[in-house]
Amino acid sequence: MDRGRKRSEAGDLLPADKRPCGSSSDFHPGTSSSEPPANCDMDQDPSTSGSDGDEDHGGYGSDDDPIYASRDADNRTRLESLVPRLDDGTDYGAVLAVLTELCEVLSFCMEDSLSRSSMEGLVSALVRLAGFEASPDVMLLAIRALTYLCDVMPRAADVVVRREALPVLCGRLTAIEYLDLAEQCLQALEKISKRQPVACLQAGAVMAVLSYIDFFSTTIQRVALSTVANVCKKLSVDCSSFVMEAVPILCNFLQYDDHKLTETAATCLIRITECFSKSPELLDELCKRGLINQSLKLIALDGRMALKQSTYNGLIGLLTKLAANSIIAVETFFELNIGSILRGVLLAMSDISHSTSHLFLEDGQSNQEYEIFNLLNQLIPPVARENDEIQLVLEKGKFLTERPDFLHQFSRDILPVSVQVVNSGANLYVCYGCVSVINNIFYFSTSDILLDLIQNTNISSFLAGLLARKDHHVLFMALKIIETLMEKLPGVFSSSFVKEGVIYAIDALLNPKDGSAQDSSHAQFSDCQMAARGGSLCLCYAFMSRKVPLSETKNCSIRKEAVHSLAKHIKSTYFISDSVDSEMPLTEILQKLKTFCAILNDNVDRSLTGDDSSQNEEYLAHVLDQVMKEFDGGENMSTFEFMESGIIRSLVHYLSNGRYPCGGHCGRVMINDLHIVTKRFQTFSYISVSKAGQSWQDMLLTLLVRILQKALSSVDSFPVIMNHTYKPRYFYSDIPCERSTMNPCVKVHFVREEGEENLSEYNHVLSVELSAQFDAIEEFLWPEVCVNKNECHDPSAQGKLIEKVDAMSRSINDADQLSQEMNNTVQEPQKSISVIPQNLNDQKHQPLPEDTNSKPKDFTTQTISNIVSAVERPAGGKISLSSSVSKDAKPKLSFSLAGKEIDHSANLYQAILQSLNSAAEPNISIGPKFWSEVYKITYKRSSEHKIQDYQMPCCSSHSSLLGDEHGLFWQELPSFSDLLLSELHYELDNSSPLYDILFLLKVLESLNQFMFPLLSYERIKGFAEGKVQNLDDLKVVVSPIPQVEFISCKLSEKLEQQMRDPLMLSIGSMPSWCGHLMTACPFLFTFEARRKYFFQTAFGSLRNQQHHIHHPHNGDTNDRQSYPASPYRKKFIVDRKNIVESAARMMALHAKSKAILEVKFNDEVGAGLGPSREFYTLVSHEFQKVGLGLWREDPGSFSDELHLDTTVTDAEFVSSPFGLFPRPWSADASSSSGIQFSDVLEKFMLLGQLVAKGIKDGRILDLPFSRAFYKLMLGKELSIYDIQSFDPQLGRTLLEFQALVCRKRFLESSQGSSFFASEADLCFRNTKIEDLCLNFTLPAYSDYVLISGNNSKMVSINNLESYVSFVVDATVQTGIVRQVEAFKSGFNEVFPLQALQIFTEDELERLLCGEREAWNLSELLDHIKFDHGYTANSPSVISLLEIIQEFGCDQRRAFLQFVTGSPRLPLGGFAALNPKLTIVRKHCNNDADLDLPSVMTCANYVKLPAYSSKELMKERLIYAITEGQGSFHLS
C-alpha cells in the first residue's frame, strides 16, 4: 500500500450504515493538505491575486474587546445550560442535537469558560456517551466534544483521565469498527497526551494509536505519531513493556516520504533510547527489533534533508548510546558497514558547508560532526575508566580481534576522512574526537593492517601538524599514536618521522625556543582567557560513554607533566640509537635545499655590493632554476622539508634583492634596486609559468602553490571564537551613547596609564557596546579626561550627533511610508539623478608630440603594473590589511588592554579577543565569565608622530634606467616597489613563516591572473628578436592555474565556523583576522565563503537580518533571495511602458534605503518576487538598446570565437557577442549623432544604482557585461591585453602593431651588427604601415580624434607606437573613464563598490547575473517537484522535460522568465530556486487541449494541463512563454 495514504480497502470493510459522518478532517482545524503556497513573500503571480499585507491571525479579537467579552459570557451561559441536557439517554436525536451544539460552543470558548464542578459533570457525561455503542454518531460527537474541550481547556485532560476516558478511547481504536470514530479518538488522545503522558502510556495508548495506523490518511498519521511522541517524554525503564512492541512500527516510519512523519518517528525513538540507555538488556532488545537497520538507512539516505538538524543529531546520538552500552549493537554496526555510511555523511557535510545552495547552516553543523565522532569512539573501545565499563570494553576488543576484516574495512573508510576533517579546520572538540578515533584504530590494528592504511594517508605529516597545536589533550593523544606506530612498525616510521618533521616537533616540545618551563605544553590561561573559556567542558570527558557530573568535567585527567614525560620517553626509546642520528638528521632533499638557499642568499647579499652584477645575476637565475626544479623532482618534498629549508624566505629575499621585509623604512634605497628587482621577477615568472604545450598541472608554479598551501595549513594559528551561551536580550549602553539596545555590552573600567600627567583621571566603570569603535570611545572619553579645555570639543556634540543618527534610523520606516504614498502615481525622474562628479568633464587630449620617442604611455609595459596593482589592492586598498587612519584625523588617545596597545580601527570585541593571546589556543569558546568580567582599559595621550608616506618618483624619470631593448614590459614600477614594501597583517610578525607564506601566495596568485599578458609578451619579444616570423604565431592559448588551487580549505572552514557564531551575527563583528585576510588574500577562501561573508558584512547590522536566514533542515534550498539584506520590504509601483523613468524615480527615492524593493506593475495584478524579477529583466534590456551611446557595438562577425549568451538578438538592441563595454567618448565631444553625453552619464549613474540595488536585494539582472567591464567594477586598470576580451579583432591588431614597434626598437638597438631594418621586417602582413591609410582617429569612431586639431595626419612606422598608445588610451582609459566613474558613483550610493573586490570577474558575473548551466535530465528530476496529480513518471511530465531539454537558448530564457520572472537561473542553478520549481496538473473546465499553461512566479509554480500529445503541449507551451510575457493578470 502507499505510505501516508488511507487504505482503499478500509472503507469496503465497514458497512455503509456504520459510517454516518464525513471525514473528521472536516471538523479538525489542524488538518493540513498539500496546497500550493498561498503567500510567498508578498508575491503574486499571473494567475492569482492576494493581499500584500500581513494576515490577521487574531481570530476572535482580544479580551479587552467589549463585544468579545459579551460573546464569551453568552458562550459560558450556553455551555452551562447544555451540560444537564446530556443526561437525557432516551431521546438519541435530542442528544445528537445537544452534542452538535456543544461542539459549536466549545470551538468559541476560552479556558475559563467552565467552572470546575461543571467541567466534572460535562466530562463525566461525555465519557459515558463515548462508550454508547448503540449510536456511532453519539460516540463520534461525544469524543469530538472531548477533543475540543481538551484543546481550549488543557486542564480538562486531568478530569478526562480521572473519569477513565482513556480505556474508552483506546478501546474504540483497537476495535476500529468506524474509521471516522477512530480518527476522532486519535485526535482526542493527542490533546490528552500533552498534559497526561504517563496516564496515556499506562492505558496502552501507544499501541492503540499505532496498531492500525496504515488505515489512516497522512494527516491522521501525523496526529498518531505526535501522541506517541508526547507519551515518550515521560518514559521510565519499568514502562518498557508499553513501548517495546511499538519500536518496529516506529522504525518503519523512518523510511516514509512524508518528512513530518519521519521527524516525529525519529523523535519517539530518540526518547525511547534515551530512557533505556542505562539498561544494556533493553538496548539489546531495541537492536533486535530493527532500530539500527532502519536508523542507518535514514542516515545513509541523506536524512539531513528529511529531518531538522537537531533531530538528525539526536538520531546519531541514539546510535551512540546503543554502541556505548550494547555489544549486540556494536556487532550489528560492523555487519552493516557503518564505516562506509559515516564516511559518506562526513564527506557530504563538507560539500554542504561550502555549497552555493545552502547559505547558512545551523549551529548543529559542528554538533553533528561531534556526534559522529562520539559514535566512532564508542565503536572502537577506548581505555575503560570505570569498573562497570571494563566488561563491555573487553567484549568489544575481543570482537575486533576475532573479526579483523571488520576493523580493516572500518579503518579504511574512517582514517582518511578523519585526517581530512582535522586538516580542514574542525573545532577543538571535533579535532580531539578524530585523533581519539585514530588512536583507537591504530591500537587495535595489526602491523599488516597498518601497512595497508598508510598507503594512501600521509599519517606522519598529519602527526607533525598535530604536534604544532597548543592543546595538551591533542598533543598527548598524538604522542600516544606515535608511540603505537613505533612499537608496531619502527622500520617504516623511523625515516618517515624524520622526513615529515615529527622528531623535530617532539624535540620542540622538550626544548621550547622561548625558554619557558618544560610543562609549557599544558596550556595555562590568564584570567582574561578564562573569561572566554569559562564553563567549557574538558576534552577528557567529551567522548565518554557515561555522563559525568558537571563538577568533574573541569578537572583534567591528564597530569600536568604527562605530555613532557611521554615525549621524553618516545625520544629516548625510539629516536636515540645507532640508526638515528641524535643530532637531528637531515634528509638528502633537505640538505640540498638548504645548500641552494644558502647560495641564493649569499649571492643576493653579494649583489648589494655591486660587484660584477651582470654575471652574478646570471648565476642567480641558474640557482633559482635549480631550486624550482626541486619541486618537480623524483622524490616528493615534504611540507617539513619545504618549511625547514628556508626556501620561502630565500625566494622573497631574492625577488626583493634583500630588502624584504623592510616595513617601509628602506623605500629610498629600493629605488636603486628597481632594475635588479624587476629583472628577477621577470626571471622567476619565466621559470615558473608554463612553457609551450605544457598544461597548468605540470607548471612549477602549480607545484609551488600546492606545497605553499600545505605549509599554510601546518602553521595556521588563526583562532575561531565561538559563543554558544549568548542569547539576544536588551542591554543598557553608556558608549557610544546612553540608550537601551539589543547590541551586546560589557563592563569596561577606564584607567589612566601610570605616569600620564597630561590627562585627568576617569575612574568609572561603563557599559560599552562590543561593536563600539575606539574612535567613538575616544570621542566620548576625550572631553572627560582632557586637562586643557581649549583642546576639547563640545562634550555633548558627539552624543547629540549619535542621537540624531539614531533618530534618523528610527524614523526611516516613517520616511519609507511617506515614499510609498508618493509611489501611487508614476512621476518624472528627479533631477538629482543627473548629479555627476564635475571632474568627469575636465579631461582634455594632449597633442601628438613631434618626437616619436615620447609617447603618452607604453601599454606593452603595463602588465607588471597591473599584476602588482592586483597584489596591492585586492579590495580597494594597499596590501596592508590594517585599516588606515585618516592623515587629517590623528587619534588623541592611545588605549591598551592587558598590556597590548589597541588599534583604533578595531572595535571593543576585537580588542578583547586580541588580549586573549588567541595564538596560544586556536579555538576559544566564550563562556559566562566573558560577560561578568570587568575589562580594564588604560588610556594615555597619543604620541604625535608624523607618518612618512614616501612617494615613489614617476616611472618616466627612470625610463633610461629601467628600460631594456624591447620596450620594457616591466618598466612601470612604483606599484611593484610598494608590493615589496608593504605589510600583510599588523598582528603578524613579518619574520614569521606564516607571513612569508601569505606574502608569496599573494605574489603567485597575482602572477597567475596575468598569465595571458606574460605569455603574449614572450611571443612579442620573440617576434622582435626574429625568433617568431609570422604574426599569426603571436596568438597564445592560456592555461592559468584554476583559482581553486589557491583556496585554503582549512581557512575557509574556519571562516564558515566563525560566520555561524551567534554573537558575531548579533554585533556584526568577527576576529580581526577574518577581515584582514579577506581584504588582502581573498583567494584563500572559497567563493561560497566569500559570498556569505559579503552578505553578512556589506549591509550593516546582522542582528536585523537574521529573520531572512533560511536553514536547510527543512529540505528547502536557498537562492539569493534568502540572503540577509534588510529587515523590511517596500512596494513600488512602476509603469511598464516607461520602465527607465520608473527605475530612475525608484532609485531617486530608495537608492539609499535599507528596504528590499518589491515591484508592482501599474494596472496589473500581483506584486512581489515575480514582478520584481521581471522589472530588473526589463530594465536590463532597456539599457541594451541601440542609440543610447552607452556601449560599443560589434563591428563584425567573429564566428571563430566563443560568443557569450547574449540577452537579445533583435535589431533594436546592441550586438555585443563578447559582452557589454562602454563606448568611448572624446573629452571634447558633448554630443554625437543626436546623443547628449550628459544623458549618457546619467544613464550610467542610474545603471550603477540598479546593479547595486539588484545585488543588495538579491535580484538577477540580465546584463551580459564583458569581462573587462567587470575588471573596471573591481577597481582594476585595463591595458592593451584586455581589449581582446570585448573586441578580439581590434585587440589582436593592436598587439600585432605593438610587435612591429618592438621589432623596430630591437633592430634600431642592433645598429652595427648583422641585423638591418628592411621593409619586409616592418611590414604588417606584407603591407607597409603607410599603405594601410590609417589616420589618427579611433577605429570604428571617426568622430573621436586622437590628436587635438590634427586628425588628417597619417600613421607610419615611425609614429605607429604613438598611434597604438593613443588608441589603447581612448579605448580603455580616457575615453571611458567618465562613464565608469558615473557608474561607480551611482553604485556607491547603495553600498560601497569596494565591498565587491573580494570576488573575481567570473564570480562577480555569477553574483549579478546568476547561473548558466546545462539542463540535463538528472538535474531537472533532482530539483523539480511534481505534485497535485503529477509524478515524475506521469506522461505529461515526461513530455514536458523532453520539450524543455529540446529548447534552444532563447526558448530556455523565455521559459525561465515565464516561470520565475527572470530569464536566468539564480546562483546555484535549479537547486537554488526557492521555492522549488513545482509542476502541478491544471484542471480545466473544458477540453485541456484548448487551455494554456499558467504560472505563479512568486512560487515558481507551473500549472500544466494534461495535453493529449507532446506536439500539442510544445505548441501550447511555446505560445504561452512567448505571448504570455509582459503582464501579470489572473488566469
Asker: Taking C-beta and beyond as the side chain, do Asp258 and Arg222 meet within less than 4.5 Å on heavy atoms?
Answerer: yes

Asker: Would Ile372 and Glu369 satisfy side chain to side chain contact (heavy atoms under 4.5 Å, CB included), going step by step from the backbone distance to the final call?
Answerer: CA-CA 5 Å; Ile372 290 175; Glu369 289 182 329; 5.8 Å; no

Asker: Between Met119 and Arg155, what is the shortest heavy-atom contact and its length?
Answerer: CE-NH1, 3.4 Å

Asker: Supply the atom-to-atom distance Asp158 CG to Cys150 SG, rounded to the nearest 0.5 angstrom.
Answerer: 9.0 Å

Asker: Measure the shortest side-chain to side-chain distance between Leu322 and Thr332 over non-hydrogen atoms and say whether it is less than 4.5 angstrom.
Answerer: no

Asker: Run the numbers on Tyr312 and Val345 for side chain to side chain contact (heavy atoms under 4.5 Å, CB included), then give the verdict.
Answerer: CA-CA 11 Å; Tyr312 189 82; Val345 173; 3.6 Å; yes

Asker: Do the side-chain N and O atoms of Thr320 and Asn374 include a donor-acceptor pair separated by under 3.5 angstrom?
Answerer: no

Asker: Short question: side chain of Ser277, backbone of Glu274 - any donor-acceptor pair under 3.5 Å?
Answerer: yes

Asker: Would Leu376 and Phe410 count as a side chain to side chain contact (heavy atoms under 4.5 Å, CB included) here? Give the steps.
Answerer: CA-CA 10 Å; Leu376 291 171; Phe410 176 86; 3.4 Å; yes

Asker: To the nearest 0.5 Å, how far apart are OG in Ser240 and CG in Leu235?
Answerer: 9.5 Å

Asker: With the side chain counted from C-beta on, respond yes when Leu140 and Tyr178 share a heavy-atom pair under 4.5 Å apart, and no when they do not.
Answerer: no

Asker: Determine whether the side chains of Ser340 and Asp413 contain a donor N or O and an acceptor N or O closer than 3.5 Å.
Answerer: no

Asker: Once the angle between the rings of Tyr212 and Phe215 is folded into 0 to 90°, is it parallel (under 30°), tilted (30 to 60°) or perpendicular (over 60°)?
Answerer: perpendicular

Asker: Locate the shortest heavy-atom distance separating Glu164 from Val127; write the atom from each residue and the value.
Answerer: O-CG1, 4.1 Å

Asker: Should the ring pair Phe399 and Phe334 be called parallel, tilted or perpendicular, given that the plane angle runs from 0 to 90° and is split at 30 and 60?
Answerer: tilted

Asker: Show the nearest heavy-atom pair for residues Cys287 and Ile292, with the distance to one decimal.
Answerer: SG-CD1, 3.6 Å

Asker: How far does CD of Glu371 sit from CG of Leu315, to the nearest 0.5 angstrom?
Answerer: 10.5 Å

Asker: Any non-hydrogen side-chain atom of Val237 less than 4.5 Å from a side-chain atom of Lys278?
Answerer: no

Asker: Where the side chain of Thr174 meets the backbone of Gly171, is there a donor-acceptor pair that is under 3.5 Å apart?
Answerer: yes

Asker: Kindly determine whether Leu307 and Leu298 satisfy side chain to side chain contact (heavy atoms under 4.5 Å, CB included), including the steps that lead there.
Answerer: CA-CA 10 Å; Leu307 302 175; Leu298 178 58; 3.6 Å; yes

Asker: Given the rule in the salt bridge (charged side-chain N to carboxylate O under 4.0 Å, His left out) test, do Arg172 and Glu133 qualify, once you have shown the distances and angles that lead to the verdict?
Answerer: CA-CA 10 Å; Arg172 299 274 70 81; Glu133 297 187 4; 3.3 Å; yes

Asker: Quick one: does any side-chain atom of Arg271 pair with a main-chain N or O of Ala229 as donor and acceptor, under 3.5 Å?
Answerer: yes

Asker: Checking Asp238 against Ser236: is there a side-chain donor and acceptor pair closer than 3.5 Å?
Answerer: yes

Asker: Side chain of Ser124, backbone of Glu120: donor and acceptor closer than 3.5 Å?
Answerer: no

Asker: Strictly distance-based, threshold 3.5 Å: is any side-chain N or O of Gln255 a donor or acceptor partner for the main-chain N or O of Gln294?
Answerer: yes

Asker: Would you check if Asp214 and Gln221 make a side-chain contact, meaning some heavy-atom pair closer than 4.5 Å?
Answerer: yes

Asker: So, using side-chain hydrogen bond (donor to acceptor under 3.5 Å, both in side chains) as the criterion, who are the partners of Ser226 when residues are at least two apart?
Answerer: Glu190

Asker: Does Lys321 offer a backbone N or O that forms a donor-acceptor pair with the side chain of Asn325 under 3.5 Å?
Answerer: yes

Asker: Can you check whether Asn230 reaches Cys200 side chain to side chain, under 4.5 Å on heavy atoms?
Answerer: no

Asker: Taking Thr262 for its side chain and Tyr256 for its backbone only, find out whether a donor-acceptor pair lies under 3.5 Å.
Answerer: yes

Asker: Do you know the tightest heavy-atom contact between Leu129 and Ala142?
Answerer: CB-CB, 3.8 Å

Asker: In Å and rounded to the nearest 0.5 Å, what is the CZ to SG distance from Arg144 to Cys185?
Answerer: 11.0 Å

Asker: Using distance alone, with no hydrogens and no angle criterion, decide if Asn313 and Gln309 have a side-chain donor and acceptor under 3.5 Å apart.
Answerer: yes

Asker: Is there a side-chain hydrogen bond (donor to acceptor under 3.5 Å, both in side chains) between Glu263 and Thr311? Walk through the geometry before answering.
Answerer: CA-CA 7 Å; Glu263 176 86 24; Thr311 308; 2.2 Å; yes

Asker: Side chains of Val206 and Leu210, heavy atoms from C-beta outward: is any pair under 4.5 Å?
Answerer: yes

Asker: In Å, rounded to the nearest 0.5 Å, how long is the span from OG of Ser326 to NZ of Lys288?
Answerer: 9.0 Å

Asker: So how far is it from Lys260 NZ to Thr219 OG1, rounded to the nearest 0.5 Å?
Answerer: 8.5 Å

Asker: Is the backbone N or O of Tyr432 less than 3.5 Å from a side-chain atom of Ser436, with the two atoms forming a donor-acceptor pair by type?
Answerer: no

Asker: If I compare all heavy atoms of Arg195 with all of Pro154, which pair ends up nearest, and what's the gap?
Answerer: CD-O, 2.9 Å

Asker: What are the two closest heavy atoms between Gly397 and Pro381, and how far apart are they?
Answerer: N-CG, 3.9 Å

Asker: Contact between Leu250 and Leu225 at the side-chain level, heavy atoms closer than 4.5 Å - yes or no?
Answerer: yes

Asker: Under a 3.5 Å cutoff, is there a donor and acceptor pairing between the side chains of Gln409 and Asn337?
Answerer: no

Asker: Within a reach of under 6.0 Å around CZ of Arg343, are more than 12 heavy atoms found that belong to other residues, nucleotides or ligands?
Answerer: no

Asker: Strictly distance-based, threshold 3.5 Å: is any side-chain N or O of Lys234 a donor or acceptor partner for the main-chain N or O of Ala199?
Answerer: no

